[in-house]
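Before any comments, here is the structure.
Numbers restart at 1 for each chain; the letters A, B, ... are given by sequence-line order, proteins then strands.
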There are 2 protein chains.
Amino acid sequence: MSPYDPSAFPPFAVTVDLVVLTVRRHALCALAVRRGEPPFQGRWALPGGFVRADEDLAAAAARELIEETGLLAHDPTGPAPVNGAHLEQLATYGDPDRDPRMRVVSVAHLALAPDLPAPRAGGDAHSARWAPVESLLGRDGAGRDGASRDEEEGAPLAFDHATILADGVERARSKIEYSSLATAFCSREFTVGELRRVYEAVWGVALDPRNFHRKVTGTPGFLVPTGGTTTRQGGRPAQLFRAGGATVLNPPMLRPEP
Amino acid sequence: MSPYDPSAFPPFAVTVDLVVLTVRRHALCALAVRRGEPPFQGRWALPGGFVRADEDLAAAAARELIEETGLLAHDPTGPAPVNGAHLEQLATYGDPDRDPRMRVVSVAHLALAPDLPAPRAGGDAHSARWAPVESLLGRDGAGRDGASRDEEEGAPLAFDHATILADGVERARSKIEYSSLATAFCSREFTVGELRRVYEAVWGVALDPRNFHRKVTGTPGFLVPTGGTTTRQGGRPAQLFRAGGATVLNPPMLRPEP
DNA sequence: TCAAAAGTGTTAGGTCTACACCCATGA
DNA sequence: TCATGGGTGTAGACCTAACACTTTTGA
């Protein structure tokens, strides 16, 4: 068999899909767009699109992220942009039946963003919204009883996007344990308490504020004090920090048992 | 723009490439095949091949693994096969220039296998061999001086396979830290000392045999004693174990500093 | 003055490291 | 008998969880 004979391999369409996570009102939320055409017309889906002919996968994901949110993906080799977001490859999904029309392989990416004003619909999407991941995954106990709700908020995500979202959430949950990634959910300057509330929202647990404070301030290179303080959370003024250069957290932050 | 208009997106070829790791003679080794045709003819590369038209990505990877090694990939939902190997998706590589002839997106997979008799060349590969990863990555200080050695053992891997291999090795090195994955490098029954030598080879460090023994035997569900013993390593007879059901290691095995 | 959030101290209990020591076999 | 690897004990350093307590603001 001649592996590179053009007639010897089937053609694929390649897309990037994005799991864009943020923390809003104490809950982990993901960006969802409403599909404007079949299949799954009217259903919610993850943002995404085709990879262009001469475009790298990471570039395609960064382009989609800008189109959907206006966020610049953070390139670790360059200067940090004002509205930076963390962007990494998540996994690739290529079940032959995942798209009913043709063979599509989707390279999913995970983006972590600070709380943003309001999503703007981009491309061919009718509308976009931030929704709690538990609700998008149908785990929030919200009524799914009664008649079909295919085109309403409670309907399952299109394609295999529920699987992709679940994988992205699990990646984020485990990765903030041993890396400084949680700071990607915060704005450029933040307090220790705000960072703790990120952990609490992502993990869905309560953490001891005193031990958390000691832990993060005691890890060299994790947090850099800016000198400023804020009282935006009420109470005693809190020091402001920026994310330090350290990217791995050793020893890790421990996720409490249920 | 109509996203699914067949003329609106570029066609891609999709392949799976395999990083197959094993531990041989106290060194972490990877499976390499010699390319039989251009480009990179005569150079070593990772095994891989095209995904078929109606084939899942995982199925394609498992098929390639069998073709190259005869190993069955372990399906966690089914009964453990006799010669099982761990197989998981690693990452996807899609730089537009990674293959000089056409646009190829490669979904790389990572396989961990026990020490095997001898690789059999499969498909279009001229030959196959196990080689220490440090040598395949050109980090072993072996003479690369003098004349070009394009078609010899010391030449760099074809395409971007050095990057893929490095990513796979790094994944394996970090994953045995907090999971029971190291047992995938052992045969079905193994001793604590054999498991320790796996860690030592993968990490390239020396571990304290006493503390290691306490650690692994003290983690519930990690190791299951079979009742048998062996003296194949010399010295006092050692208990034989099988891998237990536990897949996460908590607390993790700590990788010593250099 | 009070509530709320920030930040510090302290103590008991666990885990890891390093090393001393004994055990069971083959040569 | 000796070398080799298997396995257990123990003391100190380190880490963590839990919780009492002080500090500094806005209302």
Qualifying salt bridge (charged side-chain N to carboxylate O under 4.0 Å, His left out) pairs, either residue in residues 173-184 of chain A, two or more places apart: Glu88(A)-Lys175(A), Glu134(A)-Arg173(A), Glu177(A)-Arg255(A)
Pairs meeting criterion salt bridge (charged side-chain N to carboxylate O under 4.0 Å, His left out) with involvement of residues 199-213 of chain B, two or more places apart: Arg196(B)-Glu200(B), Asp208(B)-Arg210(B)
Residue pairs fulfilling ring pair (Phe, Tyr, Trp, His ring centres under 6.0 Å) with at least one residue in residues 202-228 of chain A, sequence neighbours excluded: Tyr199(A)-Trp203(A), Tyr199(A)-Phe212(A)
Donor-acceptor contact present, side-chain Arg171(A) to main-chain Leu110(A), <3.5 Å: no
Neighbours of DNA chain D within residues 219-232 of chain A, by heavy-atom distance under 4.0 Å: none
Of all pairs that satisfy side-chain hydrogen bond (donor to acceptor under 3.5 Å, both in side chains), the ones with a partner from residues 216-232 of chain A, not counting sequence neighbours: Glu194(A)-Arg232(A)
Contacts of type salt bridge (Lys or Arg N to Asp or Glu O under 4.0 Å), residue Asp167(A), not counting sequence neighbours: none
Results of salt bridge (Lys or Arg N to Asp or Glu O under 4.0 Å) for Arg197(A) - residues two or more places apart only: none
Contact state string [nucleotides 7-17 of chain D, B base, S sugar-phosphate only, - no protein heavy atom under 4.0 Å]: BBBB-----SB
Residue mapping more 5' on DNA chain D - nearest nucleotide basis, Gly235(A) or Asp208(A): Asp208(A)
Protein-nucleotide distance (Phe212(A), atom CZ; dA18(D), atom C1'), rounded to Å: 17 Å
5' to 3' contact window, DNA chain C with chain B (heavy-atom distance under 4.0 Å): dC16(C) to dT25(C)
Ala238(B): partners by side chain to side chain contact (heavy atoms under 4.5 Å, CB included), with sequence neighbours left out: Thr191(B)
Residue pairs fulfilling side-chain hydrogen bond (donor to acceptor under 3.5 Å, both in side chains) with at least one residue in residues 234-254 of chain B, sequence neighbours excluded: none
Any residue meeting side chain to side chain donor-acceptor pair (under 3.5 Å) with Thr183(B), in chain and number order, not counting sequence neighbours: none
